[in-house]
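Here is how names work: the chains are called A, B, and so on, in the same order as the sequence lines, proteins then strands, and each is numbered from 1. Only a predicted model underlies this, so the values are computations on that prediction, with no experimental measurement involved.
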Amino acid sequence: MANQNIIAFLVEDKPGVLFNISNMFRRRGFNINSISVGGAEDHVSRITITIEAEGRALNQVVEQLDKMVDVIEVKRLDQLRTVVRELMLVKLRTVDPMAREEALIHINSYHGLILDIEPESVIAEVTGEPEKLDNFLEQVKSIGVEEMSRTGITALERGRLKLKRSE
Amino acid sequence: MVEMNGSQALWTSLKKEGTKHIFGLPGGSVIPLCDEMLNHDLRFILARHEQGAAHMADGYARASGNVGVCLATSGPGATNLVTGIASANIDSSPVVAICGQVARELIGTDAFQEVDIIGVSASVTKYNIQARSAAEVPYAVKSAFHIANTGRRGAVLIDLPKDVTTEKMDVEFPETISFRGYRPVYEPDRREVEWAATLLARANKPVIIAGGGIISSGASSELVALSEYLMAPTATSLMGKGAFPADHPLSLGLCGMHGTYAANTMVPEADVLLIVGARLSDRTTGAISSFAPNAKIIHVDIDRSEIDKNVETVTRVVGDAKNSLQKILRHLNILRSNTATNEYWRKKCQELREVNGVSKTNGDYLKAPEVIKTLRRVLPRDSIVTTEVGQCQMWAALHYDAYLPRSFMTSGGLGTMGWGFPASIGAKTARPEAPVVDIAGDGSFGMTENNLATSVKEHLPVIVLILNNGMLGMVAQWQRLFYNHRYSAVKLERTPDFVKLAEAYGAEGVRVESYKDLETTLNRAIKSDVATVIDVPIDPEENVLPIVPPGMGLKDALMEA
């Protein structure tokens, strides 16, 4: 996450809004590394993106989002004051009993959950900061990763800080 | 609550917004709308191509300051509007475009004349809305006018499925509307104003660049007051032409690629540069590194995202231009009782204004700059000039002195050839008492000349002044100057006889080959009941000068070629 910046924003939960946002990113040449979207209260969705941009370029991303009619609030999150999580599902090849043994050790040491066990594979759920997920993948690479899916990060600021300005 | 169908709801809503004129062209999906229109007191101006309808609405909006409305059918009608919508939007002109759409159950089936105009127009509108029931129509119209005509103005599109226009429902008409994510800032922050005023008060060599935002917010008198208070020479962007009177002693004229010698010399020398309501495109700044290298840049804009987008500023003022300039002036008055007049700086402004670019020309042709100066002499002060795009546009920008806001209109951001003529018809609709002239080239005029039919039928007598060089002149100029004089794809060779063309449409056509004839013809045309097309042959090799070669700085302009 070294030169990754996090921007969180609230949008109207209605048709076409996600299209308009991704269309704006494409048109302005903003390159998004991850995006996660979920419903919040009151017909609002919360979107979290990570982007490799700094200074004026980063500022432009925030301003162009803020300018959109259906974007309600935008904020660049200070990583020192933000809790960041990403969820990953990994399917590991475990035909060899030794491999299965090794997989379970890694999953345990990363506080992962085992969601499915088949004769030839296991599916693990690992949650944490993106670096932790990267490290886990590095550890289990030699065992054999069949497939994996990451959600992109979601984030909340600590303490009194919040995205929504008080009315 | 009243029961009515979507068409009734649409026209009733438009009337409530004060709409009196609609520019458009019908088709299958808007037949119910057009039928219902007969029951409402609205003037429909029939264009001959939807692009023209959108430009007319744009010209109407720029001339009047009110929202311009255009209408097209679904599919090709809607896509034909797109160039017009994009031209209006990038120049912050308030236009509402109403498009027919196939019936709701057919959407997504690739039905006849179905186009996803919401998707297509997303990148070229400020906002767009599909009304999914008759009851949503008044909200769609209210939203469209609110968004188009507040904050930084722009184009909004409404998509109306055919069965929405025929279904009857209980509808209500909202008095106001608000969006959680859309709250334009009109009042500038006090600290921003104070800091801007402090920097201006300390300036020795201040320069102002005024953009279209001055015209949008009606801030011309505040601009003149500030310019005089600071003794700051004032340039304009292309969109800002008319914001500052061209005959004011502190006027520098146009800044940018085809800027005046005065503007392009003084902007880079400024120690404090105040930019108001301009978005500083590449055509205005030239190479950024030499734009204003020693200046502390202050940027005032209602659109926060424009600040620091292209040029790095020292301080910003986010707010409406009129409010912001008033507050800056008030704070300047607090800061210092009398202005330390910089006589040298003001004199320099006067001297530099005398320097013009000079193009070599051949033969006995009339010279484009002189043609435009003649036009200026003949036209009353409050006339309206629109332009096409290319050489004719840049000659007009350099040599036509605009004294008043909304008296000079051009497709600045998009540079849409064919814009000026339909826009002039829209402007004439808004201000029938004012002479309206489209300064055209033969290439541009060819793109929308069919609107002569509209001008004649609707009794909107505009004047088209064609600087006819038989070339796509600006591209030809670049090929002469930057591509070793190799002409590629620019010789028109077979353009119509514009005199006969005008006559074929029932308009007047005149070819003019002397300045005296030009004056006489213009004087007659101003009083004519039909459109007049004035064809002025000019030298195909005549260049618009100065020109800043692409990639170079403002001070690197070629003055002779």
Side-chain angles (χ1 to χ4, degrees), chain A residues 5 7-32 37 39-49 51 53-76 162-167, chain B residues 86 89-90 92 104 107-108 116-132 136 139-140 143-144 146-148 150-157 159 177-185 279-280 288 297 299 301-313 316 318:
Chain A
N5 276 294
I7 298 170
F9 49 107
L10 301 176
V11 303
E12 298 287 349
D13 180 11
K14 61 186 193 190
V17 173
L18 195 56
F19 165 78
N20 282 335
I21 289 162
S22 51
N23 192 38
M24 187 278 284
F25 286 155
R26 177 198 56 76
R27 182 164 90 83
R28 300 267 175 201
F30 299 151
N31 215 342
I32 304 301
V37 187
E41 77 290 0
D42 195 20
H43 303 289
V44 168
S45 296
R46 182 169 172 133
I47 303 182
T48 311
I49 62 167
I51 185 165
E54 283 171 80
R56 267 167 64 199
L58 180 64
N59 194 41
Q60 266 295 301
V61 181
V62 173
E63 296 297 355
Q64 292 294 342
L65 277 170
D66 199 25
K67 183 167 152 176
M68 298 184 76
V69 172
D70 289 324
V71 174
I72 301 163
E73 295 284 355
V74 192
K75 196 169 180 186
R76 187 187 148 191
K162 53 183 171 179
L163 182 47
K164 195 161 187 173
R165 272 172 277 185
S166 44
E167 295 293 322
Chain B
N89 193 56
I90 195 155
S92 312
R104 282 167 293 185
I107 290 176
D116 167 29
I117 197 63
I118 292 288
V120 169
S121 66
S123 302
V124 296
T125 50
K126 187 172 172 187
Y127 197 61
N128 58 27
I129 309 160
Q130 187 175 58
R132 279 175 294 266
E136 283 183 26
Y139 287 90
S143 305
H146 174 62
I147 292 170
T150 55
R152 176 173 173 184
R153 293 178 172 83
V156 179
L157 181 141
D159 196 28
I177 202 143
S178 68
F179 292 83
R180 293 187 280 194
Y182 179 73
R183 298 190 202 98
V185 176
R279 61 190 177 78
L280 300 174
I288 298 282
I297 296 178
H299 196 163
D301 209 291
I302 198 161
D303 180 353
R304 188 189 298 268
S305 73
E306 287 301 344
I307 297 165
D308 283 330
K309 187 178 83 175
N310 298 335
V311 171
E312 203 163 344
T313 59
R316 61 174 59 187
V318 179

What part of Gln130(B) is in contact with chain A, defined as an atom under 4.5 angstrom from a non-hydrogen atom: side chain, backbone, both or neither? neither

Assess, by modelled atom type and distance only, whether the side chains of Asp66(A) and Ser305(B) contain a donor and an acceptor separated by less than 3.5 Å. no

Using 0.5 Å steps for rounding, measure from the CD1 atom of Ile307(B) to the CZ atom of Arg56(A). 12.0 Å

Go through Arg26(A), Met24(A), Glu12(A) and name the one with the most non-hydrogen pairs under 4.5 angstrom from chain B. Glu12(A)

Side chain to side chain contact (heavy atoms under 4.5 Å, CB included) between Lys309(B) and Gln60(A): does it pass, once the steps are laid out? CA-CA 7 Å; Lys309(B) 187 178 83 175; Gln60(A) 266 295 301; 3.4 Å; yes

Quick one: what part of Val69(A) sits under 4.5 Å from any heavy atom of chain B, side chain, backbone, both or neither? both

Steps toward side chain to side chain donor-acceptor pair (under 3.5 Å) verdict (Tyr127(B), Asn20(A)): CA-CA 10 Å; Tyr127(B) 197 61; Asn20(A) 282 335; over 6 Å; no

Look only at the side chain of Arg180(B) and the backbone of Ile72(A), and say whether a donor-acceptor pair between them is shorter than 3.5 Å. no

Examine whether an atom of Met68(A) lies under 4.5 Å from a heavy atom of chain B, and if so say whether it belongs to the side chain, the backbone or both; otherwise answer neither. backbone

